[in-house]
Colleague: 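Take this structure, written in structure tokens, and hold onto it; I'll ask about it next.
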Amino acid sequence: HRQPDARIRDLADEVGITQRAVQRILAELLTDGILKVKKEGRRNLYRIQQRARLRHPLESKHTIGEILDLLS
């Protein structure tokens with residue numbers, strides 16, 4: 001999703017999951033260092049850390065940015 005200011009509600013609707021599920025996923029991505037969050041007023045802006053490595057040992061030589069490049 002290329003809208004760093006998208007609301008959790010918008011993400012949930014777009015993906016077809018609950019807002020609570022989106023919150024859990026965001027929390028995990030933040031914990032893993034894949035996302036960074038910046039407060040702007042009452043909103044959170046999320047930024048993907050493209051240099052972050054994938055977690056699985058077999059895939060850890062690849063970065064999030066490489067995966068995103070494949071998908072775009």
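It should be emphasised that the depicted structure is a prediction, and the values quoted were computed from it without experimental measurement.
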Colleague: Please round to the nearest 0.5 Å and tell me the distance separating atom CD of Gln19 and atom CZ of Arg7.
Modeller: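 These two atoms lie 9.0 Å from each other.
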
Colleague: Closest approach of Ala52 and Gly33, non-hydrogen atoms and distance?
Modeller: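 Scanning both residues completely, I find the closest heavy atoms to be CB-O, 3.9 Å.
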
Colleague: For Thr63 and Gln50, work out which heavy atoms get closest and say how close.
Modeller: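 Of all heavy-atom pairs spanning Thr63 and Gln50, the closest is CB-O, 3.3 Å.
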
Colleague: Closest approach of Ser60 and Arg53, non-hydrogen atoms and distance?
Modeller: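 Smallest interatomic distance, heavy atoms only, reads O-CD, 2.8 Å.
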
Colleague: Provide the full list of salt bridge (charged side-chain N to carboxylate O under 4.0 Å, His left out) pairs with a residue in residues 57-71, sequence neighbours left out, each pair given once.
Modeller: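 For residues 57-71: none.
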
Colleague: Please name the pair of heavy atoms, one in Leu35 and one in Leu30, separated by the smallest distance, quoted to 0.1 Å.
Modeller: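 Distance-wise, the nearest heavy atoms are O-CD2, 3.4 Å.
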
Colleague: Could you name each residue pair satisfying salt bridge (charged side-chain N to carboxylate O under 4.0 Å, His left out) that touches residues 19-29, not counting sequence neighbours?
Modeller: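 Applying salt bridge (charged side-chain N to carboxylate O under 4.0 Å, His left out) to every pair that reaches into residues 19-29, excluding sequence neighbours, yields Glu28-Arg55.
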
Colleague: Who passes side-chain hydrogen bond (donor to acceptor under 3.5 Å, both in side chains) against Gln49, sequence neighbours left out?
Modeller: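 If we apply the side-chain hydrogen bond (donor to acceptor under 3.5 Å, both in side chains) test to Gln49, skipping adjacent residues, there are no hits.
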
Colleague: To the nearest 0.5 Å, what is the distance between CD1 (Ile8) and CG (Asp13)?
Modeller: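 Going from CD1 on Ile8 over to CG on Asp13, the span is 12.0 Å.
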
Colleague: Might you work through the side-chain contact (heavy atoms from CB on, under 4.5 Å) test for Ile25 and Ile17, ending with a clear yes or no?
Modeller: CA-CA 11 Å; Ile25 292 167; Ile17 60 178; 3.9 Å; yes

Colleague: Test Val37 against Leu45 for side-chain contact (heavy atoms from CB on, under 4.5 Å), laying out the working first.
Modeller: CA-CA 6 Å; Val37 65; Leu45 298 179; over 6 Å; no

Colleague: If you round to the nearest 0.5 Å, how far is CD1 of Ile48 from NZ of Lys36?
Modeller: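 Here the rounded value is 13.5 Å.
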
Colleague: In the structure I gave you, are the side-chain heavy atoms of Lys38 and Asn44 within less than 4.5 Å of one another anywhere?
Modeller: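 No. Closest side-chain heavy atoms not under 4.5 Å.
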
